[in-house]
Amino acid sequence: MIKIWDQHLHTEFSGDSETPVMDMINKAKELGLPGITVTDHSDPEYKEVPGKFDLDIENYTKTIPEIARRESTQDFKIYCGIELGLQPHLVKVQEVIAKSYDFDIIIGSVHQVRTMDPYYKSFYEAMGMKNGYREYYEEMLENVTHFNDFDTLGHMDYIRRYAVRHLPPEEGEMRFEDYRELTDEVMKTLIRKDKSLEVNTGSYRSRLTEPNPSIQYLKRYYELGGRLITIGADAHKPDTVGDHFDELPEMLKNIGFKSYFIYEKRVPREMPLY
Ligand SMILES: [Zn+2]
Ligand SMILES: [Zn+2]
């Protein structure tokens with residue numbers, strides 16, 4: 001039985017999922033997870049497919065807590081969070097969203113770099129590989145520097161998931177050392193602001209053999225003093241709720257982490273890794 005709370009998953013409110021919330025809940029209960037936090041996408045101004053990730057936040061923040069009240073038990077809880085797509089020019093917009101609703105956790109994620117999503121091959125064609133990685137981390141640093149209303153940084157090396165899909169391995173795989181100056185700054189900013197770094201297992205669905213971010217990043221974060229981590233499988237369908245969670249406690253404990261954190265009403269709570 002996996003004892004980790006899955007703090008990153010998507011349902012039918014997200015533009016990229018059709019899964020009813022109940023299907024996710026039933027799967028998580030079947031796995032014996034202690035809880036889940038629904039974190040549907042809000043990516044305003046998503047230029048690749050306009051409107052795709054516009055979230056009906058009113059309806060979402062009414063419906064999920066209603067279901068949570070009905071379906072939570074002594075051993076299983078359901079929280080309501082959100083995954084905000086960060087873009088430097090949207091800081092004010094996202095601040096308003098963060099303050100206007102009662103979320104348990106806000107995941108800040110970079111899905112767009114100069115309005116292009118590394119999910120698509122066109123990103124690499126327009127930017128070139130090396131430059132694409134650099135721009136991605138530069139924009140991430142800009143986001144985490146100027147935006148404060150988030151709790152954890154989602155899938156920090158998200159770009160790797162798709163670079164390995166679209167390019168031959170020798171080109172698509174980044175060298176950690178090449179971007180270390182930037183990634184160090186991102187991590188130091190998180191630590192200074194008391195934000196978490198997310199360990200996201202959605203990576204395993206993209207031919208990667210480690211979480212996002214990879215072990216090298218997690219080690220570096222720990223070395224720099226980072227202790228706050230959150231965990232999520234980024235499931236869009238029931239079969240990937242809690243995906244690869246059984247491997248995480250040992251992997252994280254080997255790095256030095258003793259716990260992970262869940263957020264309730266934006267306040268972190270320490271949870272044991274076992
Ligand atoms: Zn994401
Ligand atoms: Zn996600």
Side-chain angles (χ1 to χ4, degrees), residues 8 85-88 91 107-114 116-119 123-124 126-148 150-204 206-232 234 244 247-248 250-258 260-261:
H8 188 149
L86 307 183
Q87 295 193 68
V91 166
I107 302 173
S109 295
V110 178
H111 297 126
Q112 289 185 89
V113 181
R114 299 191 189 283
M116 281 185 286
D117 189 340
Y119 177 84
F123 174 88
Y124 308 94
M127 298 245 189
M129 188 61 245
K130 283 214 156 112
N131 191 44
Y133 271 118
R134 178 157 299 282
E135 297 260 1
Y136 173 76
Y137 284 119
E138 276 174 1
E139 198 151 313
M140 180 176 287
L141 180 58
E142 211 179 322
N143 279 309
V144 298
T145 301
H146 299 293
F147 186 57
N148 296 315
F150 70 103
D151 304 302
T152 189
L153 176 64
H155 46 58
M156 181 174 171
D157 58 358
Y158 164 88
I159 186 171
R160 287 181 63 234
R161 285 189 194 171
Y162 307 108
V164 297
R165 258 189 218 178
H166 294 306
L167 299 160
E170 62 282 4
E171 277 178 63
E173 194 49 280
M174 72 171 284
R175 288 196 347 180
F176 176 72
E177 289 304 322
D178 291 347
Y179 307 93
R180 180 161 166 165
E181 236 173 87
L182 280 168
T183 54
D184 267 13
E185 273 317 303
V186 170
M187 291 181 198
K188 284 179 190 168
T189 307
L190 295 179
I191 295 164
R192 202 170 52 239
K193 291 186 169 190
D194 276 330
K195 307 295 186 195
S196 285
L197 179 65
E198 182 193 60
V199 181
N200 183 307
T201 56
S203 52
Y204 293 93
S206 293
R207 287 190 265 144
L208 295 174
T209 53
E210 298 175 80
N212 288 125
S214 64
I215 293 171
Q216 265 181 319
Y217 287 75
L218 293 168
K219 277 186 178 159
R220 183 64 182 148
Y221 176 68
Y222 188 85
E223 206 173 278
L224 291 169
R227 296 294 180 271
L228 294 174
I229 49 170
T230 61
I231 294 173
D234 214 345
H244 284 263
E247 296 164 26
L248 294 181
E250 203 189 330
M251 179 192 295
L252 293 168
K253 282 194 271 191
N254 281 340
I255 296 170
F257 294 104
K258 293 185 172 56
Y260 72 105
F261 289 79

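Predicted, not measured: the structure shown is a model, and the values here were computed from it.
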Non-hydrogen side-chain atoms of [X] and [Y] separated by less than 4.5 Å:
{"X": "Met156", "Y": "Met187", "result": "yes"}
{"X": "Pro88", "Y": "Asn143", "result": "yes"}
{"X": "Leu252", "Y": "Ile231", "result": "yes"}
{"X": "Asp157", "Y": "Ser214", "result": "yes"}
{"X": "Leu153", "Y": "Lys195", "result": "no"}

Going by distance alone, is a donor N or O of one side chain under 3.5 Å from an acceptor N or O of the other, for Ser203 and Arg160?
-> no
If you look at every heavy atom in [X] and [Y], which pair is closest and at what distance?
{"X": "Pro118", "Y": "Tyr124", "answer": "O-OH, 2.6 Å"}
{"X": "Arg165", "Y": "Tyr119", "answer": "NH1-CE1, 4.0 Å"}
{"X": "Val199", "Y": "Leu248", "answer": "CG1-CD2, 4.1 Å"}
{"X": "Glu210", "Y": "Ile215", "answer": "OE1-N, 2.9 Å"}
{"X": "Phe150", "Y": "Gly108", "answer": "CB-N, 4.1 Å"}

Leu197 and Leu218: CA distance, side-chain angles, deciding distance, side-chain contact (heavy atoms from CB on, under 4.5 Å) verdict | CA-CA 9 Å; Leu197 179 65; Leu218 293 168; 4.0 Å; yes
State whether the side chain of [X] and the backbone N or O of [Y] hold a donor-acceptor pair below 3.5 Å, judged by distance alone.
{"X": "Tyr217", "Y": "Asn212", "result": "no"}
{"X": "Asn200", "Y": "Gly154", "result": "no"}
{"X": "Lys219", "Y": "Gly256", "result": "no"}
{"X": "Glu198", "Y": "Gly232", "result": "no"}
{"X": "Thr152", "Y": "Ser196", "result": "yes"}

As an exercise, state the distance from [atom1] of [X] to [atom2] of [Y], rounded to the nearest 0.5 Å.
{"X": "Tyr221", "Y": "Arg227", "atom1": "OH", "atom2": "CZ", "value": "9.0 Å"}
{"X": "Met140", "Y": "Leu86", "atom1": "CE", "atom2": "CG", "value": "8.5 Å"}
{"X": "Arg161", "Y": "His166", "atom1": "CZ", "atom2": "NE2", "value": "12.5 Å"}
{"X": "Ile229", "Y": "Lys258", "atom1": "CD1", "atom2": "NZ", "value": "11.5 Å"}
{"X": "Tyr162", "Y": "Phe123", "atom1": "OH", "atom2": "CZ", "value": "13.0 Å"}
{"X": "Lys193", "Y": "Leu228", "atom1": "NZ", "atom2": "CG", "value": "14.5 Å"}

Does the side-chain contact (heavy atoms from CB on, under 4.5 Å) test come out yes or no for Tyr137 and Glu181, once each step is laid out?
-> CA-CA 10 Å; Tyr137 284 119; Glu181 236 173 87; over 6 Å; no
Under 4.0 Å between a Lys/Arg side-chain N and an Asp/Glu carboxylate O for Glu223 and Arg220?
-> yes
Parallel, tilted or perpendicular: which describes the rings of Tyr222 and Phe257, with under 30° parallel and over 60° perpendicular?
-> perpendicular
Report the C-alpha separation of Asp151 and Phe261 in whole Å, then their side-chain angles, then the decisive distance to 0.1 Å, and conclude whether the side-chain contact (heavy atoms from CB on, under 4.5 Å) test is met.
-> CA-CA 10 Å; Asp151 304 302; Phe261 289 79; over 6 Å; no
Quick check, are the ring centers of Tyr158 and His111 under 6.0 angstrom apart?
-> yes
Give the C-alpha distance, both sets of side-chain angles, the deciding distance and a yes or no for side-chain contact (heavy atoms from CB on, under 4.5 Å) between Thr201 and Glu247.
-> CA-CA 10 Å; Thr201 56; Glu247 296 164 26; over 6 Å; no
